[in-house]
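One structure below.
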Amino acid sequence: MKILTTIAAICWVGLLSAQTPVEKYSVDSASVEHPGIPKGEVIKCSFDHSSVFPGTVRDYWIYIPAQYKPDHPACLYVNQDGIQWKAPTVFDNLINSHEMPVTIGVFVTPGRVAADSNLAQDRFNRSFEYDGLGDNYVRFILDEILPDVEKHQAADGRAIHLSRSGNDRAIGGSSSGAICAFTAAWERPDAFSRVFSAIGTYVGLRGGDRYPTLIRKYEPKPIRVFLQDGSNDLNIYGGDWWKANETMERALVFAGYEVRHVWGEGQHSGAHGTALFPDVMRWLWKDWPKAVAKGNSSNQFLHDILIAGQDWELVGEGYGFTEGSAASANGDVFYQDIPASKTYRVGADGKATLFSSDAKKASGTCFGPDGDRYEVAGGTKQVLRYGASGKVTVVASDISGNDLVVTRNGNVYVTSPDGTERPSKIYLIRPGGEKVAVDSGLKFINGVCLTPDQTQLYAAESASHWIWVYSIRPDGTLYNKQRYGWLQVPDNQENAWPDGLKCDREGRVFVTSRIGIQVLDQLGRVNAILPVPSGQPSNLCFGGKNFDVLYVTSGSKVYRRKLSVRGANPFETPNKPPRPRL
């Protein structure tokens with residue numbers, strides 16, 4: 001029986017060997033050393049003082065081409081897992097033949113936290129650093145490794161100066177190093193615009209399987225991507241590498257990215273990537289220094305919202321923390337600087353000017369059907385109404401509010417987030433001043449807005465990934481409460497932190513969140529994501545003469561962008577949006 005089992009095992013191994021093709025690839029001339037080709041220098045370095053990945057130690061190597069001159073910052077290629085692909089030889093040949101620019105290579109190994117004794121095992125950081133989504137690794141490269149690189153110099157004394165432009169930078173790797181390279185460019189396309197991904201791990205290890213969905217929803221970024229994989233790649237607990245790479249390619253094409261792929265029959269190895277590497281570099285650097293352009297996505301939502309050639313424009317900066325954006329009936333936009341207790345106004349000339357230097361630390365702002373400006377005054381725990389003459393009326397007192405919306409019939413809904421004294425609530429303030437708590441219990445309730453027909457109320461639950469929806473009774477009370485809008489959550493957070501939200505007249509819901517502005521359809525599905533230049537936005541509104549300019553508050557800055565949609569204003573006659581596609 002034992003002999004039969006052994007024979008069976010040998011036959012099974014033989015069958016596997018027969019089914020799995022031997023990886024044999026032609027060798028590109030650029031992967032071979034040639035006499036007379038100027039040879040670059042490779043320096044070995046170590047790094048052991050990371051604040052992004054505390055306690056880690058690692059080696060890295062710097063390749064300095066012979067043609068590099070310190071008076072002109074060099075292009076950059078970063079690779080995970082150290083030196084791969086016969087890269088120094090390839091660079092020598094391609095730089096010499098002018099098929100790629102003068103490029104300094106930085107080849108970084110994953111970190112490890114050394115054990116205290118021989119009786120314990122080191123902590124190996126590769127999966128945490130490489131497989132996780134988010135900006136940890138790219139911050140490590142940009143803020144720690146590259147400054148360290150520039151402290152070194154070539155043997156002949158040449159100082160190292162690297163270009164700061166993302167268009168002059170490429171990044172690559174294999175397996176987990178490949179998804180790491182893509183993540184670095186995805187998070188910081190201003191720092192890396194060219195990506196080589198070999199046998200990439202876009203599977204369920206640390207959230208990489210989310211990328212095809214995110215790519216389809218996001219406004220395209222200026223990134224060029226070369227993908228390689230083989231049909232005999234891994235198919236294990238985390239997913240199917242081969243199918244995942246195919247799905248990535250389909251998503252990138254759908255989203256309009258400049259992407260090239262080479263599929264083979266290989267396994268989870270670097271053999272095919274090594275054979276392709278010279279062609280990868282030729283393609284990634286083609287047309288340089290012409291900038292890598294943003295793609296034209298096939299996402300219909302993005303086409304419906306965005307205008308070609310219109311991008312974010314800075315309105316103002318240098319504030320403490322901006323919030324409470326709202327538009328008046330003539331399209332003027334108001335926003336608050338909460339720490340400074342100031343209100344700013346953007347008029348028809350498009351310039352931001354100080355409107356009030358005593359805003360009582362106002363946050364939420366909304367214009368009512370009477371033309372008055374309503375504000376949640378955090379400094380006095382009141383809701384205040386400002387008339388055109390500047391007269392101030394107290395609408396409600398003893399309310400630790402955050403945001404508000406005023407309906408066409410004069411009802412005011414105010415959100416009051418969780419605090420030490422009272423739970424999270426929504427208050428209804430009727431025109432006569434009666435204050436009624438109409439809901440409670442959400443986890444840090446924040447932004448609030450009405451549907452275009454004003455029959456339903458949306459509320460943002462910041463400490464989750466939900467937008468809630470309520471039906472509104474004739475008396476203003478709420479019913480039919482439901483989790484409705486499902487938001488995308490960044491990898492390094494437990495919540496999406498939805499904050500301000502507004503609807504357009506077609507019923508789309510624009511929500512500020514940690515990853516930018518998420519745009520939902522009427523069914524509560526995120527169809528599009530618009531990143532904001534300075535990161536996480538806090539609030540938004542539609543302003544301008546036609547209410548087709550999106551104003552966004554984001555930390556110390558305020559931006560605007562002209563769109564092809566019109567905002568739904570609560571002070572206007574309610575409109576019935578079109579029936580959604582189910």
Side-chain angles (χ1 to χ4, degrees), residues 52-53 56 80-81 110-111 123-141 171-189 191-192 195-221 223 225 227 229 233-252 254-255 257 259 268 299 462-466 485-498 511 513-518 520 525-531 535-536:
V52 178
F53 303 119
T56 56
Q80 282 60 249
D81 288 315
R123 181 202 306 168
F124 296 96
N125 228 35
R126 185 174 184 268
S127 181
F128 176 68
E129 293 178 7
Y130 287 7
D131 290 316
L133 278 59
D135 68 350
N136 280 344
Y137 188 79
V138 72
R139 287 192 298 108
F140 165 71
I141 292 295
I171 187 166
S174 64
S175 189
S176 294
I179 188 174
C180 181
F182 181 82
T183 298
W186 178 260
E187 292 289 336
R188 292 291 304 275
F192 293 100
V195 177
F196 175 40
S197 167
I199 54 174
T201 308
Y202 304 102
V203 292
L205 298 184
R206 292 181 183 267
D209 52 327
R210 290 181 244 163
Y211 265 135
T213 299
L214 294 174
I215 289 167
R216 290 171 180 269
K217 293 182 178 182
Y218 264 82
E219 180 181 2
K221 305 181 181 188
I223 306 172
V225 185
L227 295 169
D229 200 19
D233 202 346
L234 298 175
N235 185 10
I236 55 174
Y237 71 94
D240 185 325
W241 268 243
W242 163 240
K243 292 301 178 184
N245 274 271
E246 284 189 314
T247 303
M248 277 288 290
E249 188 267 340
R250 293 277 289 169
L252 288 164
F254 171 86
Y257 283 82
V259 57
H268 197 71
N299 184 331
S462 288
S464 76
H465 61 266
W466 290 108
W486 187 97
L487 300 174
Q488 300 282 168
V489 179
D491 179 67
N492 60 350
Q493 297 290 340
E494 298 302 319
N495 57 65
W497 204 261
V511 184
S513 73
R514 292 190 189 275
I515 62 173
I517 298 166
Q518 303 194 41
L520 292 73
R525 304 171 298 192
V526 175
N527 279 228
I529 300 172
L530 310 178
Q536 182 176 344

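Note that these values count all heavy atoms, side chains included, but never hydrogens, waters or copies made by symmetry.
- Using a 3.5 Å distance cut-off with no hydrogens or angles, the side chains of Ser197 and Tyr202 do pair a donor with an acceptor.
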Report the C-alpha separation of Gln488 and Thr213 in whole Å, then their side-chain angles, then the decisive distance to 0.1 Å, and conclude whether the side chain to side chain contact (heavy atoms under 4.5 Å, CB included) test is met. CA-CA 10 Å; Gln488 300 282 168; Thr213 299; 4.0 Å; yes
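- Here Ile515 contributes atom CD1 and Glu187 contributes atom CD; the two are 9.5 Å apart, rounded to the nearest 0.5 Å.
- Contact check for Ser462 versus Trp497: side-chain heavy atoms found under the 4.5 Å cut-off.
- Donor-acceptor pairing under 3.5 Å is recorded for the side chains of Tyr211 and Thr183.
- Across all their heavy atoms, Ala244 and Val203 have their closest contact at CB-CG1, 3.7 Å.
- Between Tyr130 and Thr201 there is no side-chain heavy-atom pair separated by less than 4.5 Å.
- Asn136 has its side chain within reach of Phe53: a pair of non-hydrogen atoms, C-beta onward, lies under 4.5 Å apart.
- Contact record, Pro220 with Ala255: CG-O, 3.3 Å, taken as the closest heavy-atom pair.
- Within a 6.0 Å sphere centred on CZ of Phe254, heavy atoms belonging to other residues, nucleotides or ligands number more than 12.
- Counting heavy atoms from C-beta on, the side chains of Asn495 and Arg514 come closer than 4.5 Å.
- The side-chain heavy atoms of Asp491 and Arg210, taken from C-beta on, include a pair separated by under 4.5 Å.
- Between the side chain of Gln80 and the main chain of Gly172, a donor-acceptor pair closer than 3.5 Å is present.
- Distance CD1/Ile199 to CD1/Ile179: 13.0 Å, rounded to 0.5 Å.
- Taken to the nearest 0.5 Å, the CG atom of Leu487 stands 4.5 Å off from the CD atom of Gln518.
- Rounded to the nearest 0.5 angstrom, Ser513 OG and Leu530 CG are separated by 10.0 Å.
- Within the model, atoms CZ of Phe140 and CD of Glu129 stand 6.0 Å from one another, a figure rounded to the nearest 0.5 Å.
- Counting heavy atoms from C-beta outward, Arg123 and Thr56 have side chains that stay 4.5 Å or more apart.
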Arg126 vs Asp81, side chain to side chain contact (heavy atoms under 4.5 Å, CB included): CA-CA, chis, key distance, verdict: CA-CA 9 Å; Arg126 185 174 184 268; Asp81 288 315; 2.9 Å; yes
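- Listed here is the closest heavy atom pair of Pro212 and Ala251: O-CB, 3.5 Å.
- Closest approach of Ile141 and Phe192 over heavy atoms only: CG2-CZ, 4.0 Å.
- Separation of atoms CG (Asn299) and CD (Glu219) is listed at 10.5 Å; rounding is to 0.5 Å.
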Could you go through the side chain to side chain contact (heavy atoms under 4.5 Å, CB included) check for Arg525 and Trp486 one step at a time? CA-CA 6 Å; Arg525 304 171 298 192; Trp486 187 97; over 6 Å; no
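- The closest side-chain heavy-atom distance from Phe128 to Arg206 is below 4.5 Å.
- Across all their heavy atoms, Leu205 and Trp241 have their closest contact at CD1-CZ2, 4.3 Å.
- No more than 12 heavy atoms of other residues, nucleotides or ligands shown are found within 6.0 angstrom of CZ on Arg250.
- Here the shortest heavy-atom pairing between Pro189 and Ile223 reads CB-CG1, 4.1 Å.
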Stepwise, does the side chain to side chain contact (heavy atoms under 4.5 Å, CB included) test hold for Leu252 with Leu227? CA-CA 10 Å; Leu252 288 164; Leu227 295 169; 4.0 Å; yes
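- Taking the six-membered ring for Trp and thresholds of 30 and 60 degrees, Trp186 and Tyr257 have ring planes inclined between 30 and 60 degrees apart.
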